[in-house]
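The structure appears right after this line, and notes come after that.
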Number of protein chains: 4
Amino acid sequence: MDPTTRSQLIDLRRELHRYPEPAWCEFWTTSRIVDEFERIGVDDYHVGRAVLSSPDRMAVPDEAARSEWLERARENDARYDVLEATTGGHTGAIAVLERGAGPTVALRVDIDALWIEESVDGAHAPAELDFRSQTGETMHACGHDAHATIGIGVLEAVAQSSFQGTFKVFFQPAEEQVGGGKAMAESGHLDDVEYLFALHVGLDHPTGTVVAGIDEFLAVNHFDADFVGESAHAGAHPEAGRNAVQAMTTAVQNLYGIARHDGGATRVNVGPVGGGSSSNIVPATAFVEGEVRGETTELMEYMRERANVILENAADMHDCDVDVETVGQAPSAESDDELIDLVSAVAHEHSAVTDLVERAPLGGSEDATYLMRAVQERGGLATYVVVGTDHPGGHHTDTFDVDEETIPIAVEVLTDAVLAVGDR
Amino acid sequence: MDPTTRSQLIDLRRELHRYPEPAWCEFWTTSRIVDEFERIGVDDYHVGRAVLSSPDRMAVPDEAARSEWLERARENDARYDVLEATTGGHTGAIAVLERGAGPTVALRVDIDALWIEESVDGAHAPAELDFRSQTGETMHACGHDAHATIGIGVLEAVAQSSFQGTFKVFFQPAEEQVGGGKAMAESGHLDDVEYLFALHVGLDHPTGTVVAGIDEFLAVNHFDADFVGESAHAGAHPEAGRNAVQAMTTAVQNLYGIARHDGGATRVNVGPVGGGSSSNIVPATAFVEGEVRGETTELMEYMRERANVILENAADMHDCDVDVETVGQAPSAESDDELIDLVSAVAHEHSAVTDLVERAPLGGSEDATYLMRAVQERGGLATYVVVGTDHPGGHHTDTFDVDEETIPIAVEVLTDAVLAVGDR
Amino acid sequence: MDPTTRSQLIDLRRELHRYPEPAWCEFWTTSRIVDEFERIGVDDYHVGRAVLSSPDRMAVPDEAARSEWLERARENDARYDVLEATTGGHTGAIAVLERGAGPTVALRVDIDALWIEESVDGAHAPAELDFRSQTGETMHACGHDAHATIGIGVLEAVAQSSFQGTFKVFFQPAEEQVGGGKAMAESGHLDDVEYLFALHVGLDHPTGTVVAGIDEFLAVNHFDADFVGESAHAGAHPEAGRNAVQAMTTAVQNLYGIARHDGGATRVNVGPVGGGSSSNIVPATAFVEGEVRGETTELMEYMRERANVILENAADMHDCDVDVETVGQAPSAESDDELIDLVSAVAHEHSAVTDLVERAPLGGSEDATYLMRAVQERGGLATYVVVGTDHPGGHHTDTFDVDEETIPIAVEVLTDAVLAVGDR
Amino acid sequence: MDPTTRSQLIDLRRELHRYPEPAWCEFWTTSRIVDEFERIGVDDYHVGRAVLSSPDRMAVPDEAARSEWLERARENDARYDVLEATTGGHTGAIAVLERGAGPTVALRVDIDALWIEESVDGAHAPAELDFRSQTGETMHACGHDAHATIGIGVLEAVAQSSFQGTFKVFFQPAEEQVGGGKAMAESGHLDDVEYLFALHVGLDHPTGTVVAGIDEFLAVNHFDADFVGESAHAGAHPEAGRNAVQAMTTAVQNLYGIARHDGGATRVNVGPVGGGSSSNIVPATAFVEGEVRGETTELMEYMRERANVILENAADMHDCDVDVETVGQAPSAESDDELIDLVSAVAHEHSAVTDLVERAPLGGSEDATYLMRAVQERGGLATYVVVGTDHPGGHHTDTFDVDEETIPIAVEVLTDAVLAVGDR
């Protein structure tokens, strides 16, 4: 990569790092990405409401939270057209290159940040080099700043190449809550995509490693359950209450006791949980935020159905009502052999790639799986590629950082992969 | 009391003690009581099916158990007419004296034994004097042998007196399970009763004490809950089961957690409980035998309703079915002041009564309360009298025994009370 | 009562109502009370640290909360000497009248407010008449503003009377958390008190009613239990966590299941409870705020011991640690017949007292019991008097208000009672 | 196989089928096997106490049960020498052929039956052909009658061959409870074994199929936990009890909630469970029989440690004692490639073997794993071979039966495998 491009990309990553925005509030980030679309001169692009199936969004924060981040974006000089297109929590964008006859290829990257306060430790490069989060309360602690940058890098490189066909880059919001994947998968923009690459940096793979395909995504369902009973004076009339905390604790005890499944790994966890108001009041309210996972989507569904039955009956047992809402979800998925082979081949040619892994398990969850499955169900191919990066702190910790050397590697490998599809 | 009568009564008590029969299996005992009716020459009597509202019986053992005890009764030379009248677990009898115009007065005693193996200790009088239980597995460990004897004693004494009016003695089965009281109360034989005395010996009151009226009966409900789910191989297909033991343990945890009540004392307890078949099989069945109590009938009903909701939802939570059946029940009741005064007055006159207590709490449950309430609801009066007895072992222990000196005291005090009603 | 005094007292009550301060933060309130001491010209008084056994204080808020309220008090022109005497959350005051030989009599009132946002409804007198809480977040929703005012009223009336002996008025902090009673009872100021009156207005008794003695205080223990385990990624390494929420829910289920007690009424309740951080993290922390009560102190202790065992073992069961701290406590107590008779006699003479109740149960908890028992244990007499008041909203609701007519009635009845002790 | 041998083997299988004996009570079965050793003329054999490490036996029934089966064996003309050698529940036998220099090869079969009452349905061959279980309550419902027969068949065939080396056949008791494997593995007789074959028929593989090596044994631990508290009258003194059923149900709820493990499949199950005596008595006793499993021995140990902590603290929480005892255990194991290849090769040559499977998972538990690991730990090789059989009813059901055609196939394939080892 030429030094200028490289330097531009690193500057962009640091700029994005400075303004980390949480799920469905990536107003400024979307605006900044659209700036790049215009700089590059893409053939077409779509923003906000136009890139989402609105009812399929999950984990959308409330109006007050969205307004606050919208206001911040405005103060940070976000584009007026983007702010208008993204109101109501409709963030994200898609760039399109139309380069004649040929396959339709797509790259998906995610753009949201986490609610973590970034480290001020001098050993933490963003603190040392002065591109630490300016928001105080959020942080790009999972590399999505790098993902967005790589998306731009590949977009520009393909734009400048002799690629024949159609190339789209999906900049997806709300991945951390597994809240945005479905809405983008159902938007229609994926309908003609024949080849999909998704990307993650790091995940404990060091700089120089490329994993050509990820396999074991755990399907996941995040739910919120709110119990409502009735309060009463705990000393004077204990019998008059309908105890929401007893309902909640009964539910939690039984959620952890859902039977293991012969079909493969399952998971269940809760937290935060809470309830009650004062020790002398029979608790009228309680809540559980929880998640169930499965090695396959079917296993996750098994867990979800069992969880629902438990939550409902724990409420009924204590004459309470419960409202259970799915606030995030992602299926399982598999990477396709053909694309793994293709990525392996191009990565193998790259001098900076010192270690090539064909397949590796994720052991976690990701809503890129919605996009992968949407493509695969229409007969297309998909793979989820990891480009290793040395990261001093773990993912989701306040000292996480990406080795910026990863950015040019990822841009080049993925560009080569896109071009290789065109040559297939 | 003349020595002959006294001696006859003590012999009868020992004979009854030798053949203790459990609830709804008092075939021989009923027969022996009917013998006494005929010896005394009562004006009328009713046996078995004729003294019970059959559908109101609770805690009736199964056919096999009843047949076994019926066979034993036959071997012990029970009367053929009584065995015929009592088939299907319809035990008990009522004697009637019709002595012209006057009030209708009744005495209720109970006749069933407990599943306790009687002590062989030489210090235990029945063992020493050779009238220990011949059944091996059951025992009169709560004094119902004395109760039946006292009932006969009072019947004979009233028969020989100048009493004017109608006098009935109810020999009630199945008190230990609170299973017989309702069936006798609903039989019709109580409909014309204006004054009812019920009786218990002992209850930690020594010989010489009389309690003229008992007050705090805990209303009680005994239930059996049977859970049915589905078995599965616990290693190969844990998810295929519907776990009845998880349902049962969830129920038990929550039964003990039913909120205390401002209106007064409540109780809840379970046992026996059980479930499952083999540690490598997901348990398909489980059960809880339990009881709830309340200082008032309303408090017991509060507990029962909560228990039912818990049992149903614990089953549903684990996709199981549950069948909850009431197997015994008794309401609360109060003794009436007028009869307490009457009993106090006659007991006060009795030289053997050294300590007279007007009212005392029971702290336990009794289904004489069904009969008391039935009389009271029609405007009659009732009292539950305790005649103290020195008992070496506690009630319901294998060394329980009554001081036989109690029998003549009880016969005389109650006879005097019956006659005093006639004189009112 | 002369109209001027009456008007002054009502003004004082409204002034106190405007600045409700929570437990151990009654800095301005204490200052305002001391102003009154000086206006009246008491013989002696003690403030803050001098009226408390500091280590016996319970439920003291943290430094940050105390500082905030201290600062507010300063802004509201609290006395510098009082602020100095009350730093570190040592609020409250005692006034002393020394009037020669005679009995030592005391009155105890409480002064703290609740964390309730006061109603703005026009039908709510403080809103209508413009003396609503100025703090926004706290409120005198249990009448302690009236209590403090009545304490001042009685103090002034006794000062102006011919009372012979010593009279003390205890203005106690932190009653709502049952956090201040013990510290005041152990301060030494009660050691010579022979007669103690404690006071509450309302409690569902209307204006015109006086209850001469309250009897059934439930002894209470408030506890905080903090569970600490270890977090882990719920998807990737569920087995690596030590689940504090499982510990907490197991504890809650079993706390509600503590066996009822034959010795009398018991209570148990929890709330708030909480735990966990994110649904994909095994919860490392959880907490229970709870309370146990008993009809007697012994019954409360029974509950507390059982609760502690449950909390400890629920933690151990999940390899967690738990820290259980008592944050409030009060024993049971009984009012003495002699003082009940004395209050009844003086109340009977009062024309505004239209309904006189000798004894009534509380059914709740109060830490005046610490002071009552301290006096009684040294051979003195105590009674807890309720002066009825029409209150539109219930105690502890945002529309609670006292009928100000109650203030002169209470001042006069209690003053007469104090004087009657002198005349005994 | 010649028709005479075949017919003898089928007769032997039917004879064994008629007298199914449960774990550690295989007295007659051992005797019948020793008869065969003598008929064949083995070089050496060991019986009962001599083939077991006595303290390593698990799930040994009590003296009364053992005596009953010993008596039945005597009535069925079991050999006196065998009865003497097997007293105290020391069943099983080992035959030895010593044929000069060469490898030491072993075959392990199991011989115990299940507590299932055999079907009388005419469609069930043992009922139709009159070799149904004569015991009424036990049944060879898992094919161990065929296993023992095949062991004899291979023993005789090898004895008659030109095999060079040492050949041992282990007839192991108590497999169904995973109770006998460890005791046999630790007996010393396995110390010189270099090649071990273990055998099972069926397991849903039809006649004609051979699985050369089984892989995924779940390691298992069976435990019995006995809780002891203290009884009390549930109505009169509920607080006086120490409730063993509350302890047990708390344990069960938490056992099912043991966290899943990232390292692989785990299992937990309970049953039977039970406790309590009467609904009016606070339960003084309760028990849990349970099992934990893991895909590896380490995973099983993880589950076992968690289970122990839960059981201990559930007991402590309710002031109860608990005694936890391991009553059965088996590790995980893997079959060795070299022996799988060897079995595949010989099976491939056999005309009756129509379907050859190299490896298959078990998904259950087996204590042959103790013997396999003992051999492997000393550098030897082991494989667990399945010879398919059409079985009309499932394993462990009352209509299970083996297709007797399987017997000659198994004898020939395993004999060939033993001989092939000699030729290696």
Side-chain angles (χ1 to χ4, degrees), chain A residues 115 176-178 218 220-224 231-238 241 243-246 248-256 265-293 327-328 362-365 394-396, chain C residues 115 176-178 218 220-224 231-238 241 243-246 248-256 265 267-293 327-328 361-365 394-396:
Chain A
W115 288 96
E176 293 293 355
Q177 320 279 88
V178 288
L218 291 178
V220 69
N221 176 274
H222 288 177
F223 60 86
D224 282 2
S231 65
H233 193 285
H237 301 294
N243 193 321
V245 166
Q246 279 190 302
M248 181 272 282
T249 55
T250 299
V252 170
Q253 290 273 296
N254 282 281
L255 284 170
Y256 279 110
T266 53
R267 298 283 185 269
V268 56
N269 192 53
V270 302
V273 303
S277 55
S278 169
S279 68
N280 62 350
I281 303 293
V282 176
T285 58
F287 71 93
V288 177
E289 298 187 16
E291 61 160 46
V292 290
R293 306 196 198 209
V327 294
L362 186 66
S365 303
H395 286 264
H396 294 210
Chain C
W115 287 96
E176 292 293 356
Q177 321 279 90
V178 288
L218 291 178
V220 69
N221 176 272
H222 288 177
F223 60 86
D224 282 1
S231 64
H233 193 284
H237 302 293
N243 193 322
V245 166
Q246 279 190 302
M248 182 272 282
T249 55
T250 299
V252 169
Q253 289 273 296
N254 283 280
L255 284 170
Y256 279 109
R267 296 284 184 271
V268 56
N269 193 53
V270 301
V273 304
S277 55
S278 168
S279 68
N280 63 349
I281 303 293
V282 176
T285 59
F287 71 94
V288 177
E289 298 186 18
E291 61 161 46
V292 289
R293 308 197 197 209
V327 294
L362 186 66
S365 303
H395 286 263
H396 294 208

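Being a predicted model, the structure only gives us computed values, none of them experimental. In what follows, chains carry the letters A, B, and so on, assigned in the order in which the sequence lines appear, proteins first and then strands, with residues in each chain numbered from 1.
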>> Between C/His233 and chain A, with a heavy-atom cut-off of 4.5 Å, which part of the residue counts as in contact: side chain, backbone, both or neither?
In response: side chain
What side-chain donor-acceptor pairs closer than 3.5 Å can you find for residues 279-290 of chain A, not counting sequence neighbours?
residue: A/Asn280; atom: OD1; partner: A/Ser278; partner atom: OG; Å: 2.7

>> Which heavy atom of C/Ala234 sits nearest to which heavy atom of A/Arg267, and what is that distance?
In response: O-CD, 3.2 Å
> For A/Gln253 and C/Gln246, which heavy atoms make the closest approach, and how far apart are they?
Replying inline: NE2-O, 3.6 Å
> Counting heavy-atom pairs under 4.5 Å to chain A, which of C/His237, C/Arg293, C/His222 comes out on top?
Replying inline: C/Arg293
> Between C/Leu255, C/Val268, C/Thr250, which shows the greatest number of heavy-atom pairs under 4.5 Å with chain A?
Replying inline: C/Thr250
Chain C contacts, top residue of [options] (heavy-atom pairs, under 4.5 Å):
options	answer
A/Pro238, A/Ser365, A/Gly271	A/Gly271
A/Ala244, A/Ala251, A/Gly274	A/Gly274
A/Ala236, A/Gly275, A/Gly276	A/Gly275
A/Leu218, A/Thr249, A/Leu362	A/Thr249

>> A/Met248 vs C/Val252, test: side chain to side chain contact (heavy atoms under 4.5 Å, CB included). Steps then yes/no.
In response: CA-CA 10 Å; A/Met248 181 272 282; C/Val252 169; over 6 Å; no
> Hey, what do you get for CG (C/Asn243) to OH (A/Tyr256), rounding to the nearest 0.5 Å?
Replying inline: 4.0 Å
